[in-house]
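Notes for the one structure printed next.
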Protein chains: 2
Amino acid sequence: MPVTLKDIARRVGKSVPTVSRALGNHADISPETRAEVQRVARELGYEPSAIALNLRRRRAGAVSLISPAHAQVRFSDPFFAEFLNGVVEAVAEQHIDLLVTAGAEEDVEALYLKQIRSRRTDGFIVVRTQRNDSRIHLLREQGAPFVAYGRTEENNDFCFVDEDGAAGIALVVDHLASLGHRRIAYISEPLFLTKAYHRMTGFRQGLERNRLPFHPELFVETHFRQRSGRQAAAYLLDLPQPPTAIVAANDLLALGAMHEAQSRGLTVGRDVSITGFDDIPLTEYVHPALTTVHLPAQEFGRRVAQMLLKLIDKAPLEERQFIYQPSLVVRGSSGPAPA
Amino acid sequence: MPVTLKDIARRVGKSVPTVSRALGNHADISPETRAEVQRVARELGYEPSAIALNLRRRRAGAVSLISPAHAQVRFSDPFFAEFLNGVVEAVAEQHIDLLVTAGAEEDVEALYLKQIRSRRTDGFIVVRTQRNDSRIHLLREQGAPFVAYGRTEENNDFCFVDEDGAAGIALVVDHLASLGHRRIAYISEPLFLTKAYHRMTGFRQGLERNRLPFHPELFVETHFRQRSGRQAAAYLLDLPQPPTAIVAANDLLALGAMHEAQSRGLTVGRDVSITGFDDIPLTEYVHPALTTVHLPAQEFGRRVAQMLLKLIDKAPLEERQFIYQPSLVVRGSSGPAPA
DNA sequence: CTTGACACCTAAATCGATTTAGTTTATACT
DNA sequence: AGTATAAACTAAATCGATTTAGGTGTCAAG
């Protein structure tokens, strides 16, 4: 049903290659033929077959984003949703397709391998990097182009965009310390994630820098989302000596913690201070608004995608690695330590 | 670099078709040849070229979801993010790729047309349907398989999954009326969206059913997100006779409205009741938790995707249209009307 | 000794494009 | 008139698979 070069060729009474070259504005086609061919092509609504083109060019015309399965977060994470917005926009501008796939926990590697070998994609966007990331080992080994959002803990000689999470959290600790808090708790995401690890490091650095002691009982490693934040806060607030401030590793955890505090009748920002990280669109609209660390999620997505497209085209990259210095956003959820 | 049939053929000293048939377990290949071919294929890590296969089969092996550009919402809308989760999972199960594309406002139609003609995709998932939806006109006219999330206002003889938004909002109105509210405001999404239109209708039906008057000044049509909800609430609460309850057409609007009310020192659920719609994961974790209407967003995504895949395979569809009856979730943000 | 059947494999065509290497025709020049 | 040259096209190969039709060799039956 769709229109092919053959159809046009038949209509104009010329061969298929002639039609192809006429459409490609090659020099060895007479102006009349060219005009005629282009007229007919327009008339029939011809659009070259993406698949045939890709076969010929040995490219897929698409890049791949495989959402890791752990913790069932996928796109529910608002930070990640914003990131995706950026990716989608950047690839659309270059007329490249974005393949979004879900990876089952066990066989992510198999999935990557399959996509590489079946040449379904020209490159990968890797998200939620782990300190020791098998996906990155694999991609490097296979020589597949990729850009990561986040680093690993080892050999980081690949393209990535990342934030300086340690610095970000340290800013939070400085802020709380300056408000007089001395018992500061930390709710961490799973530490196998590089991001979580960095932020945790920043917490400890922040404590040291402000000459505050690290209390192991005030440190909780949990999952990603509100429910976990709530549970962690419940544990912390039940301690004989509860913290006066709770630093959450991301905004969702912070919202969960706020919910727990509020359902205990505490006023967040007065009885207890709670902070987040990521500055997802919601933080401004909860009550009290959340003190957090701002990250331009959408810009990260754009950047990663643009880097990848350049990498694929073997275009010169002005920078292979980018580390964003986040800034603190003080809102109502943090206040002076209670006396 | 990647392994092709030719490579295997060379290795086993057989022709390419023989290798193909051996891998396909055809009957006219001797057991020894078959075993040998399969051994070599495994050894070399052979995976058929998705592109070559697709060319041959005249299929794209992918379905397309084009995110409409209006209001810059894309994936930031948590409901939509959940929906996407469902879609991604369902297509991954069938080993189909999901193409996610951003459509510029002006030329969405051009984008659809291009994808159809270039045979980049086997079918479309249409989201955020409009009462008069040019995308649906186009897809129908072009005979491209598609499933919509949401209906239109006209000829709905296509496959869709939708919720009964009118019934959902009417439940909310019943609830508020039973709490004694008589001045109930409504914050609507843009009414060119079918969904928004249905919900609005439900609001008016709900009022009638409870013998409550419709006050035009208590009706605000605005955009999708918190900011709009906040502005609308500001307007409503500034009225000489402010409403005692505000029904928002979605949860984000409701959260924005709550924020405005709270920053005026009002206690939501006591001084003013506020309700949402969609039951996004956050609603449970704000304070007070939001009274809303539950929709299984992820299941909708799955359902739409599964329908589309069946439609593409021309498999029998047990139902071409599905309308979900939503249910009310009462939480803390709604309470008795103040005296 | 011929014929037929079967088992096993390969040549050629196909999907829809592009590119390389010719080929034809007309014109220009000697 | 004969040949060089340019202009405008086409045949054939290619990308990587599958399918259809055909071919070869072995063995059994007549």
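Letters A, B, ... are given to chains in the order of the sequence lines, protein chains preceding strands, and every chain is numbered from 1.
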Output field: ring centroids F158(A)/F146(A) closer than 6.0 Å:
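Yes, they do, as the ring centres are separated by less than 6.0 Å.
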
So, Y149(B) versus F83(B), ring centres under 6.0 angstrom or not?
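Centroid separation for Y149(B) and F83(B): below 6.0 Å.
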
So, is S49(A) near the phosphate of dG16(C), with a side-chain N or O under 4.0 Å from OP1 or OP2?
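S49(A) to dG16(C) OP1/OP2: no side-chain N or O under 4.0 Å.
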
Counting any heavy atom closer than 4.0 Å, what does [X] reach on the DNA or RNA strands: base, sugar-phosphate only, or nothing?
X: R21(B); answer: base
X: S30(A); answer: sugar-phosphate
X: T4(B); answer: sugar-phosphate
X: P17(A); answer: base

Relative to the 5' end of DNA chain C, which residue comes earlier, L55(A) or E32(B), by the nucleotide with the nearest heavy atom?
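Going by which nucleotide is closer to the 5' end, it is E32(B).
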
Residue mapping more 5' on DNA chain C - nearest nucleotide basis, Y46(A) or P31(B)
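With P31(B) and Y46(A) compared, the 5'-side residue is P31(B).
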
Atom-pair distance ([atom1] on [X]; [atom2] on [N]), nearest Å:
X: E36(A); N: dC9(D); atom1: CD; atom2: C1'; result: 16 Å
X: N54(A); N: dT18(C); atom1: CG; atom2: C1'; result: 13 Å
X: R58(A); N: dA13(D); atom1: CZ; atom2: P; result: 17 Å
X: R10(B); N: dG16(D); atom1: CZ; atom2: C1'; result: 13 Å

Does the structure place the NZ or CZ of R128(A) under 6.0 Å from the centre of the six-membered ring of F224(A), at an angle of no more than 45° from the ring's axis?
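Ring-cation test returns yes.
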
Side chain of [X]: nearest nucleotide among [options]?
X: K6(A); options: dC15(C), dA17(C), dT18(D); answer: dC15(C)
X: R56(A); options: dC8(C), dT14(D), dT10(D); answer: dT14(D)
X: R119(A); options: dA17(D), dA17(C), dC9(D); answer: dA17(D)

Got a donor-acceptor pair under 3.5 Å from the side chain of D28(A) to the base of dC9(D)?
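Indeed, a donor on one side and an acceptor on the other fall under 3.5 Å apart.
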
Distance alone, cut at 3.5 Å: any donor-acceptor contact between the side chains of Q38(A) and N25(A)?
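Yes, a side-chain donor-acceptor pair sits under 3.5 Å.
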
